[in-house]
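Hydrogens, waters and symmetry mates play no part in the numbers below; they use all other heavy atoms, side chains included.
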Amino acid sequence: MNDKLFVIAIGGTGMRCLESFVHLCAIGMFDGQEIDILTIDTDSGNGNKDRSEKLIALYNDIKTPSKDKIGGTPNRQTFFSAKLNLYKFSTDYAGNRCSFRNLANIGDEDTDNQDLADLFLDKESVQKFDLAHGYRAQTHLGSMLMYHGIVEAAKNAQIKGNDAMPAEKDLREFVIKLQDAGAGARVFIFGSVFGGTGASSIPVVPRALNDAVKIFSDGNNSLDPENVKFGASLLTDYFKFPNPDTTQKSKEKVIANSSNFALNSQAALEFYRKDPTVKTYYRRLYHVGWPASMRKDISGGKLLTGGNDQKNPCHVVELMCAMAAYDFFTQQELDVEVNAENMPCYYRTVEADDAGKFFKFTADSFTKENARIFQQKLAQMFSLANVVLASEYAAYGKPSTAKEKYGIQDFISRISDAGDKTYDSLDANDIINIEDYLKMFAFYINTEKQQVVRGWLYQIKDSVDGGKFIFRNDAFIQTVADFKRVAKNPGTIFDDNEAEKNWAKGGLISSQYDIFIKGLRQDTQVKQEQNTSSIKEQFLAYLYNAIRLAHHFES
């Protein structure tokens, strides 16, 4: 498959799906690919948006060899093997553009336009609420505003050129790349269907991008739906929060109510089934859901409309959406014709325990064709995190009393002492970046509170809520007391039925980690087919090879 890949994440839920997608790139699921990513939100300061964009920035810092090669190059059979290009777009709802009434320039004397608006939008709530935190399940309003927001930004970028706003420039660059890809473009969109921004945008974004292409090409080009292939994950409600009280309703005018999420999802899906734009552009829609009985309250006691404080924990359904993108991007042929009257529905079920209370997620739950690849690559990053964060004490951010060096620096010193000086020149900031990524991926220790701060993979595991997630349950550190056990045996992550994939066991004196270090240089040198160009990419490939060898994974 040689198509050019594009990802668009819309709204808070779309950003969390993007977060899982970036972690898939980091473990090596998109070998040799260069992927252009566009984030779209009305809430430019949203915490989930900020977290996903910072993750991509860190990803690129890890790969960047120099200022003229931001993000490095695509590699193969290694960590961080895809090259990611990030573009950020947010609609402008600042100042006197903060509400629909202001945007539409409806004055007190403008009775005709006011009467027209009143036919579709409630005057005292929908027309007046602050748009800066999203469309708040007002999808009829959101679709119109998002479409016009993208088209308006495209016009501004075309007219103003270098004087355009950063968001307008990013939109232009992304759209031009999409236009240049032509018939070789695959575009996958992440968004929820139960909220506001994502649900509003999924049906209109392809048309808005098509019109933006026309603007930037002076009408000479467009996105031919027969060639440019769109896919999307349609994620229904999977969490809840308390209903707003009277004070919040009065202050915010319009505020989301999770009691309505199921109804919102049903209405959105029914609309998508009939919408001509959806039927014209989309080749595959992946419906992803979660049982109502298992939905968790994620509010932490606070009901937020958006902003930087909105940093919801990651969930396994977001990883399922990210793997839907993987399926869409890796299918050799997308056999669904555009404008199909009855688009096929693709689904995958997950095994539950006998009582139907817990799910048992295996690698097969996420992908049938490439389950082995997915499990191995995820396991390799998990074990690397255990080595660096636990065995090398980097989770504490300082050395143990028994060591002068810790984390990756100690790892490099051991390699150097064994006679390989290749990585002695690795910059200290590069080392810190890799360790920071592993903390975001897995965990770190809050030394002041003596607590385990749970990263992406741990949050995914937590969302299963007592069920099974691919690896053995005790591979995940629950408390600081578990730290030494994992530090001694960082490669024991598989259950007994897959025990041969665990690292070789240590003896009374030696640990798994000691054995791993002794055999570190055995057939782990970077290979030509891994396509590395910088010292950082070579080091990541070296680690990848060493972890793979320890797990006895075949190529």
Check: [Y] and [X] side chains under 4.5 Å, non-hydrogen atoms:
{"X": "T236", "Y": "W290", "result": "no"}
{"X": "V7", "Y": "L84", "result": "no"}
{"X": "D41", "Y": "T91", "result": "no"}
{"X": "Y281", "Y": "K229", "result": "no"}
{"X": "I202", "Y": "I189", "result": "yes"}
{"X": "N85", "Y": "I37", "result": "no"}

>> I need the M29 CE to T330 OG1 distance, nearest 0.5 Å.
In response: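 Output value for this atom pair is 8.0 Å.
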I'd like to know if [X] and [Y] make a salt bridge, using a cut-off of under 4.0 Å between side-chain N and carboxylate O.
{"X": "D36", "Y": "K4", "answer": "yes"}
{"X": "E173", "Y": "K177", "answer": "no"}
{"X": "E529", "Y": "R76", "answer": "no"}

> Can you name the side chain to side chain contact (heavy atoms under 4.5 Å, CB included) partners of A26, sequence neighbours left out?
Replying inline: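 Side chain to side chain contact (heavy atoms under 4.5 Å, CB included) list for A26, sorted by chain: Y59, F80, M381, Y437.
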> What's the verdict on salt bridge (charged side-chain N to carboxylate O under 4.0 Å, His left out) for D430 and K536, showing C-alpha distance, side-chain angles and the deciding distance?
Replying inline: CA-CA 8 Å; D430 296 331; K536 288 193 287 187; 3.2 Å; yes
> For Y458, which residues count as a ring-ring contact (aromatic ring centres under 6.0 Å, His included) partner, sequence neighbours excluded?
Replying inline: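 In terms of ring-ring contact (aromatic ring centres under 6.0 Å, His included), with neighbours along the sequence ignored, Y458 is linked to F443, F476.
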> Sequence neighbours excluded, which residues qualify as ring-ring contact (aromatic ring centres under 6.0 Å, His included) partners of F188?
Replying inline: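 Per chain and number, F188 pairs via ring-ring contact (aromatic ring centres under 6.0 Å, His included) with F190, Y286, F328.
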> Which of these, I150, T39, D170, sits in a side chain to side chain contact (heavy atoms under 4.5 Å, CB included) with F89?
Replying inline: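 Of the listed residues I150, T39, D170, the side chain to side chain contact (heavy atoms under 4.5 Å, CB included) partner of F89 is I150.
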>> Checking side-chain polar atoms at under 3.5 Å, does N75 have a donor or acceptor matched by the opposite partner on Q530?
In response: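 The answer is no; no qualifying pair exists.
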>> Using every non-hydrogen atom in the two residues, find where K169 and D163 come nearest and quote the distance to one decimal.
In response: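 Taking K169 first and D163 second, the nearest heavy atoms are CE-N, 4.5 Å.
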